Amino acid sequence: MLDMAELRAEQIASAKRVIRHDAYDFQTPGIVAGADVGFEQGGAVTRAAIVLLRFPSLEPIEYRVARIDTTMPYIPGFLSFREYPALLAAWRQLTLQPDLVLVDGHGIAHPRRLGVASHFGLLIDKPTIGVAKRRLCGRFDPLSDQLYAEVPLIDKGERVAWVWRSKIRCNPLFISTGHRVGLDSALFWVRQCMRGYRLPEPTRWADAVASNRAAFQRWPQGHGEADFFALE
């Protein structure tokens, strides 16, 4: 049986170890990664995809997919414990190491400041950013319809994310520190990874790989797929 008090205590303790400013040795990345997690067979199997892209061209160069038995049920506020084992399994398969990781999920924009981007970032000790599609906690002022409009997300008097309109007529994204990246820098790097879609290219590709979407099926004509990609 899960000990929720123990998990909560672990979250609070781990959140204190999250580095919320830019790592002293962090420079312009040469490789960025996107990470996404989904579930199959009614939640019995956890599926994680990690895609590597060269920066600044954002050309995909490698992907890995890991499928493992799900280790715990869905419990609101504790999703990172359910997702990180598959992310680590995919991470360990990579042949190249990224300099920056964008995770489809929250970083510190979490009631106990430990969303999956922060939890995973701590485990791999890499600069990590949370790119979430929905608010988990906090409040924000109305956001204008203007492209790239931004307002802070405030929770318990603390700024924990940027609410950012990445595409007109689309719901905003919630950009937060994962680990070893400051909040303003997190938004800056996400903006550098945009190519006209709602999602930044790293997490957009991670979603495409994980879901076998049409964009993934078409790529990379003329690049030699076998030379760049390995699945499981």
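Remember, predicted model here, so these are calculated numbers, not experimental data. All values below were derived from every heavy atom in this structure, side-chain atoms included, with hydrogens, water molecules and symmetry-related copies excluded.
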Derivation of the side chain to side chain contact (heavy atoms under 4.5 Å, CB included) call for T177 and S118
CA-CA 7 Å; T177 292; S118 291; 5.6 Å; no

Suppose we call two aromatic rings close when their centres sit under 6.0 Å apart. Are F81 and H119 close by that rule?
yes

Minimum side-chain heavy-atom gap M72-L2 below 4.5 Å
yes

To the nearest 0.5 Å, how far apart are CG in D145 and SG in C170?
11.5 Å

Using side-chain hydrogen bond (donor to acceptor under 3.5 Å, both in side chains) as the criterion, list what pairs up with K133, not counting sequence neighbours.
D104

Answer with yes or no whether the hydrophobic clustering places L153 together with V103; edges join I, L, V, M, F, W, Y residues whose side-chain heavy atoms lie under 4.5 Å apart.
no

Do H106 and V160 have side-chain heavy atoms sitting under 4.5 Å apart?
no

Acceptor/donor pairs from residues 10-25 side chains to any protein atom, 3.5 angstrom cut, sequence neighbours excluded:
| from | atom 1 | to | atom 2 | distance (Å) |
| --- | --- | --- | --- | --- |
| Q11 | OE1 | R112 | NE | 2.5 |
| Q11 | OE1 | R112 | NH2 | 3.2 |
| Q11 | NE2 | G77 | O | 2.8 |
| S14 | OG | E10 | O | 3.0 |
| R20 | NH1 | E158 | OE2 | 2.3 |
| D22 | OD1 | G182 | N | 2.7 |
| D22 | OD1 | S185 | OG | 3.1 |
| D22 | OD2 | S185 | OG | 2.7 |
| D25 | OD1 | R180 | NH2 | 3.1 |

Check: W164 ring centre within less than 6.0 Å of Y148 ring centre
yes

Do Q146 and R165 have side-chain heavy atoms sitting under 4.5 Å apart?
no

V131 with L53, same ILVMFWY side-chain cluster at under 4.5 Å:
yes

Taking R139 for the side chain and I154 for the main chain, is one N or O donor matched with an acceptor at less than 3.5 Å?
no

Same apolar cluster (I L V M F W Y, side chains within < 4.5 Å links), L173/Y197:
no

Does the ring-ring contact (aromatic ring centres under 6.0 Å, His included) test come out yes or no for W189 and F55, once each step is laid out?
CA-CA 11 Å; W189 289 115; F55 188 88; 5.8 Å; yes

Any luck finding a side-chain donor-acceptor pair between T95 and E62 under 3.5 Å?
yes

Which heavy atom in V32 sits nearest to a heavy atom in P202, and how many Å separate them?
CG2-CG, 3.9 Å

Are D36 and R47 close enough for a salt bridge, meaning some N to O gap below 4.0 Å?
no

Does CZ belonging to R195 count more than 12 external heavy atoms closer than 6.0 Å?
yes

Rounded distance (nearest 0.5 Å) linking atom CD1 of I50 with atom CD1 of I124:
7.0 Å

Other than L79, which residues form its hydrophobic cluster under the rule that side-chain heavy atoms must be closer than 4.5 Å?
Y74

Please report the interatomic distance CZ(F120) to CG(L87), rounded to the nearest 0.5 Å.
5.0 Å

Between R135 and D155, is a salt bridge (charged side-chain N to carboxylate O under 4.0 Å, His left out) present by the stated rule, with each step listed?
CA-CA 11 Å; R135 178 179 62 88; D155 184 52; over 6 Å; no

Would you say the side chain of F39 lies within less than 4.5 Å of the side chain of T70, judging by non-hydrogen atoms?
yes

Any side-chain heavy-atom pair of L58 and C193 under 4.5 Å:
yes

